[in-house]
Amino acid sequence: MTRLNVESITTNQLEAAANLLQLSPEMRLRLRTPFREITVQVPVLMDDGSVRVCIGHRVQHNGARGPTKGGVRYHPTVDLDEVRGLATLMTWKTALLDLPFGGAKGGVSVDPSELSRTELERLTRKFTERIAIALGPYRDIPAPDMGTDGQVMAWMLDEYSAKRGYTPAIVTGKPITLGGSYGREAATGRGVMIVMREAAREYGIPWKGGTAALQGFGNVGSHLASFLYEEGVRIVAVTDATGGVFSDSGLDIPALTKHVHSTHGVAGFEGGDPLTNEKLWSVPCDYMIPAALGGVITKEDNANELACRVLVEAANGPTTPIADKILAERGILVLPDFLANAGGVVVSYFEWTQNLQQFRWDEEQVNSALEKKMVAAYREVAGVAREHDVTLRTAAYAIALRRVAEAEEMRGL
């Protein structure tokens with residue numbers, strides 16, 4: 001599969017909404033152009049005494065609405081174009097959910113599975129040290145992303161705090177013992193489920209008893225699968241990098257979760273028939289859910305093969321613009337990524353707020369507030385889509401662009 005250019009996708013998708021809003025060429029340029037881009041050398045002392053040099057990036061796309069917010073990913077494919085595109089998506093995501101943030105993203109080009117725990121810690125501390133000049137609880141707040149987790153955030157917090165004093169609001173997605181929020185780990189998956197449920201009600205798509213297929217069983221995919229299973233949605237197929245499994249009668253998600261925890265992959269699960277990632281896309285279902293890497297739905301590979309009623313973009317940028325048009329022509333509803341998977345940044349906002357106040361919410365309060373935010377965002381997007389007869393993606397972009405453009409205008413030049 002051809003590697004995705006996330007930046008080109010976000011730029012392409014922005015134009016339709018900018019046309020709808022009749023934004024000036026000057027404002028379009030301001031909204032497209034990142035505020036700050038940092039590329040750093042990250043030397044890492046390896047356990048064998050050698051030194052490995054990695055390249056890291058942090059892009060702050062737009063801070064008109066508040067400090068920039070976005071994850072840090074460790075993955076071999078990380079480059080500046082990808083980080084720039086994902087930072088742009090974060091700007092629209094935080095604006096769409098009406099959070100007082102702008103958008104940022106960071107990453108290091110490295111395979112974390114190749115590093116020992118001590119090597120991973122050294123990498124994290126050095127990367128944090130190199131970008132710390134641009135970080136701050138009112139400047140830029142990182143969070144976990146692909147290849148990173150609460151432990152990585154704990155190291156980032158400690159490295160930053162060592163020179164500036166204890167600053168829990170510098171990162172989100174932290175362990176609970178270091179100021180993390182209850183409900184944060186499952187928040188993205190929960191948010192996807194809420195948006196799916198609202199769309200099912202509006203469009204008359206089966207919910208309890210409906211069928212879903214899922215690509216990716218990491219943090220987002222596994223939590224989403226559990227929530228759907230509890231809601232009575234029948235998950236008929238799941239794949240990840242190791243392989244996949246299919247059962248027309250529905251998979252036992254608790255059993256699959258235990259299998260993945262013990263074997264570190266979906267492959268080999270005995271509760272269904274083996275399934276390849278390539279065959280997943282042609283599985284008949286109500287909801288097809290890419291929840292792993294971007295760029296997996298393309299004209300060349302599978303846009304014409306999807307046999308679903310709804311494509312749920314739990315991953316960032318899973319659908320290319322050409323594939324998006326094909327899905328619209330085929331009548332397949334698309335729940336866009338920066339609406340569907342915004343639950344994580346919503347609860348990151350709650351965590352940041354708790355850290356600044358030094359007051360912790362209980363999990364029920366977090367989940368209740370998340371539900372309100374996600375439902376309100378979906379209904380606003382659906383209303384704009386109906387009013388202007390556009391896709392949910394264009395409607396979501398229009399809402400986000402309008403909010404950021406208004407902030408830019410109010411701030412002036």
Side-chain angles (χ1 to χ4, degrees), residues 1 4 9-10 12-17 19-20 96 192-216 224 228 231 233-237 239 246 248 277-292 294-342 374-375 377-400:
M1 183 178 292
L4 173 72
I9 284 187
T10 55
N12 184 293
Q13 293 171 341
L14 179 148
E15 286 304 314
N19 291 337
L20 183 65
L96 177 63
V192 175
M193 181 275 291
I194 292 168
V195 170
M196 290 174 63
R197 186 197 63 208
E198 292 301 303
R201 289 173 177 170
E202 179 169 359
Y203 289 91
I205 301 166
W207 185 239
K208 186 173 184 178
T211 56
L214 183 66
Q215 187 210 37
L224 174 58
L228 294 176
E231 290 281 315
V233 177
R234 183 159 44 99
I235 301 174
V236 296
T239 66
F246 169 82
D248 190 56
N277 274 285
E278 292 75 21
K279 293 292 185 182
L280 171 75
W281 309 114
S282 57
V283 170
C285 58
D286 294 309
Y287 308 93
M288 178 62 70
I289 312 168
V296 295
I297 309 296
T298 69
K299 174 185 176 182
E300 296 79 10
D301 292 317
N302 48 27
N304 287 299
E305 297 177 12
L306 292 179
C308 60
R309 297 179 64 178
V310 185
L311 180 72
V312 184
E313 295 186 334
N316 286 318
T319 311
T320 64
I322 295 176
D324 204 32
K325 293 178 181 178
I326 293 173
L327 299 182
E329 291 168 357
R330 295 185 59 204
I332 295 176
L333 178 69
V334 177
L335 300 182
D337 48 3
F338 67 105
L339 168 63
N341 66 25
M374 298 303 296
V375 169
Y378 173 80
R379 290 179 180 172
E380 185 174 16
V381 170
V384 171
R386 285 193 303 272
E387 180 182 353
H388 296 280
D389 192 25
V390 295
T391 66
L392 294 178
R393 189 189 309 281
T394 298
Y397 265 104
I399 294 167

_Ala200 to Tyr287 - nearest heavy-atom pair and separation_ = CB-OH, 3.2 Å

_Minimum heavy-atom distance Ala398-Leu20, with the two atoms named_ = CB-CD2, 4.0 Å

_If I compare all heavy atoms of Ala340 with all of Glu313, which pair ends up nearest, and what's the gap?_
CB-O, 3.8 Å

_Heavy-atom pair of closest approach, residues Ala315 and Asn341_ = O-ND2, 3.4 Å

*Report the C-alpha separation of Met288 and Ile297 in whole Å, then their side-chain angles, then the decisive distance to 0.1 Å, and conclude whether the side chain to side chain contact (heavy atoms under 4.5 Å, CB included) test is met.*
CA-CA 11 Å; Met288 178 62 70; Ile297 309 296; 5.6 Å; no

*Keeping the roles fixed (side chain from Asp337, backbone from Gly317), state whether a donor-acceptor pair exists under 3.5 Å.*
yes

*With Asp324, which of Arg393, Arg330, Lys299 fulfils salt bridge (charged side-chain N to carboxylate O under 4.0 Å, His left out)?*
Arg393

_Separation of Phe338 CZ from Asn316 CG (nearest 0.5 Å)_ = 11.0 Å

*Indicate the atoms forming the closest heavy-atom contact of Ala323 with Thr319, along with that distance.*
CB-CG2, 3.9 Å

_Closest contact, heavy atoms only, Ala385 versus Thr391_ = CB-O, 4.1 Å

I'd like a table of donor-acceptor pairs (distance under 3.5 Å, sequence neighbours excluded) in which one partner is a side-chain atom from residues 204-216, with atom names and distances.
{"from": "Trp207", "atom 1": "NE1", "to": "Glu231", "atom 2": "OE1", "distance (Å)": "2.9"}
{"from": "Thr211", "atom 1": "OG1", "to": "Asp286", "atom 2": "N", "distance (Å)": "3.0"}
{"from": "Thr211", "atom 1": "OG1", "to": "Asp286", "atom 2": "OD2", "distance (Å)": "3.4"}

*In Å, rounded to the nearest 0.5 Å, how long is the span from CE of Met196 to CG of Leu228?*
4.5 Å

*From CZ (Arg379) to CZ (Arg201), nearest 0.5 Å*: 7.5 Å

*Does a side-chain heavy-atom distance below 4.5 Å link Leu392 with Leu339?*
no

*With rounding to the nearest 0.5 Å, note down the distance linking CD1 in Ile326 to CD in Glu305.*
11.0 Å

_Ser282 OG to Asn304 CG distance, which is reported to the nearest 0.5 Å_ = 12.5 Å

*asked:* Looking at Arg234 and Asp248, would you say the former's side chain and the latter's main chain have a donor-acceptor pair under 3.5 Å?
replied: yes

*Passes side chain to side chain contact (heavy atoms under 4.5 Å, CB included), Tyr203 versus Arg309? Steps please.*
CA-CA 10 Å; Tyr203 289 91; Arg309 297 179 64 178; over 6 Å; no

*Report yes if some heavy atom in the side chain of Lys279 is under 4.5 Å from a heavy atom in the side chain of Phe246; otherwise report no.*
no

*Are any of the side-chain heavy atoms of Val192 and Val312 separated by less than 4.5 Å?*
yes

*Take Val310 and Leu335, measure what side chain to side chain contact (heavy atoms under 4.5 Å, CB included) needs, and give me the verdict at the end.*
CA-CA 7 Å; Val310 185; Leu335 300 182; 3.9 Å; yes

*Is there side-chain contact between Leu311 and Pro290, with at least one heavy-atom pair below 4.5 Å?*
yes

*Can you tell me if Asn302 uses its side chain to pair, donor with acceptor, with the backbone of Val296 under 3.5 Å?*
yes

